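Notes follow once the structure below has been shown.
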There are 2 protein chains.
Amino acid sequence: MARRNEHSKDELQRLTLKAVKDFLTLYPPQELSLRKVAKLIGYAPATVINSFGSYGELLLAANAEALDELHTLSAVAIRDENNPQLALRKLSRVYLAYARKYPYRWHLAFEHRIPDQKVLPEWQKSRIDRLFALFTEQLSRTGAQRTLQDIHIASRVIWAGVHGICLLAAGGGALQEKHATGEQMLDMFLKNFMGSYMKQEKTYSKLSTEI
Amino acid sequence: MARRNEHSKDELQRLTLKAVKDFLTLYPPQELSLRKVAKLIGYAPATVINSFGSYGELLLAANAEALDELHTLSAVAIRDENNPQLALRKLSRVYLAYARKYPYRWHLAFEHRIPDQKVLPEWQKSRIDRLFALFTEQLSRTGAQRTLQDIHIASRVIWAGVHGICLLAAGGGALQEKHATGEQMLDMFLKNFMGSYMKQEKTYSKLSTEI
DNA sequence: TTTATAAACAGAACACTGTTCACTATCTGA
DNA sequence: TCAGATAGTGAACAGTGTTCTGTTTATAAA
């Protein structure tokens, strides 16, 4: 049996990614396998590999879709928000909501490891950068006088904080936080960090000896 | 061949955990396997399973050792530090140093997922709690007048921030940050967060925390 | 219309993986 | 000396990702 030609190459990829996405909405990545994906879409395992190069690259593609989804949700959420601090807050809530609603996809998106020292594709890095950029843009709008480098660092710090908090609030395992909600942690984080961030004028690096 | 009796049950476990630890010092967890562990210690795969219950539980035990190591390093680092803010800074640096030096063990310690809905052992949770407690203690010493719940939340926020930053600074993959060092991010995070955290209510307890 | 070529798959085989279970040696206590 | 427990193995099993060979079909040229 060969050459069924029921789907074009693109259709087959979309079909496969949809199957992966649907699976990861309900079940963790560790329970997925190449052979299960193949069975889900009614093709042979080798066909899936033919289409994506390897199982790992298939996961990477699914990963990219999740990042796109998260980016779109974020962009929409802050579209009409003029106050940059409120926008940052909304951004963080979108992350938390996504991590809660699709823990497995969220988990895969940020924890997927490339097998060895393989260079991971540029389109993947650019997707991460695009997520960071959402924070950078809002920081630029705050009116605080900071260098570009400072804004860059601050955007990473905020992302890191939000990510860590989502890990505690929505990530399974031993890290699960019980006595504090994600919203509480996010609010305390942003309120304190931004409160101090807005007040200083000097670049941060000059203050390295203060503490 | 049976009953070699070269090692006691405890010795065998220590031997196995050492092999895992040594392996993870150089190679990522995904390259390890039950059969490799068995080969490393010169026993049959089934013997390792007999000893730990399953391969997953072996990883969990190795995990626990890493958490212990991190806790010990942290405790030592702040032993003679009276200034709680400086202690928090030192704590964060220990985390960063560990994540950089042993990325695979660090990675395993915090990203290891239990297979399904299996309840993960209490000794694992308590190890995480012990790590959090290091932050909580220092926060209690700052002199800032906060409720216990506030301190609890703040400790989680700080841990989350530190963890996220370590992910950016030392975690491989697409998250690797190039234009900012871990130290820069940690300092900006702690300085801003603590700066604002300390200031509320400060007028009532001014002298205690002035440097 | 016939023929060559390339594309689209499938199937079997390979080297792995973690786990189970029957089994055998060896040690220990009576 | 003789059970019984202990320590450990080896083979088998179901599953994994990947590779390679082969076959069917669509397409283009003659």
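Nothing here was measured: the structure is a model prediction, and the numbers come from that model. Numbered from 1 within each chain, the chains take letters A, B, ... in sequence-line order. Note that these values count all heavy atoms, side chains included, but never hydrogens, waters or copies made by symmetry.
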Name the closest nucleotide to the B:P45 side chain, picking from C:dA10, D:dG17, C:dT19.
C:dT19
Spacing of A:E6 atom CD relative to D:dT24 atom P, expressed in whole Å
17 Å
Can you confirm whether or not the ring centre of B:F189 sits under 6.0 Å from the ring centre of A:W159?
no
May I ask you to check whether B:Y98 and B:W106 place their ring centres under 6.0 Å from each other?
no
Spacing between B:L32 atom CG and C:dC16 atom P, to the nearest angstrom:
15 Å
Nearest to the side chain of B:Y43 - D:dT16, D:dG8, C:dA8?
D:dG8
State whether the distance check finds a donor on one side and an acceptor on the other, under 3.5 Å, for side chain A:R35 versus base D:dG17.
yes
Hey, which sits more toward the 5' end of DNA chain D by its nearest nucleotide, B:A44 or A:S33?
B:A44
Compare the minimum distances between each of C:dA8, C:dA10, D:dG8 and the side chain of B:L12, then state the nucleotide with the smallest one.
D:dG8
Taking all heavy atoms of B:Q13 and all of B:S51, pick out the closest pair and write down the distance.
NE2-O, 3.0 Å
Interatomic distance where CD belongs to B:E57 and C1' belongs to C:dG18 [whole Å]:
13 Å
Here the distance between atom P of D:dT16 and atom CD of A:E31, to the nearest Å, is 11 Å
Expected output: side-chain A:E65 to main-chain A:A62 donor-acceptor under 3.5 Å
no
CA sep, side-chain torsions, deciding dist, call: A:Y95, A:H163, ring pair (Phe, Tyr, Trp, His ring centres under 6.0 Å)
CA-CA 8 Å; A:Y95 269 68; A:H163 183 80; 8.1 Å; no
Tell me: CG of A:L34 to C1' of C:dA10, nearest whole Å?
13 Å
Name every residue in residues 46-55 of chain B that has at least one heavy atom under 4.0 Å from any atom of DNA chain D, in order of residue number, or write none if there are no such residues.
B:A46, B:T47, B:N50
Taking atom P of C:dC9 as reference, at what distance in whole Å does atom NE2 of A:H7 sit?
9 Å
Of the options D:dT9, D:dT16, C:dG18, whose atoms approach the side-chain atoms of A:K36 most closely?
D:dT16
Please give, in whole Å, the distance from C:dG18 C1' to B:L59 CG?
11 Å
Rounded to whole Å, how long is the line connecting atom NZ of A:K39 with atom C1' of D:dG15?
11 Å
Rounded to the nearest 0.5 Å, what's the gap from CG on A:L86 to CD on A:E81? Could you check?
4.5 Å
Should the pair B:Y43 and B:H7 be assigned to parallel (<30°), tilted (30 to 60°) or perpendicular (>60°) ring geometry?
tilted
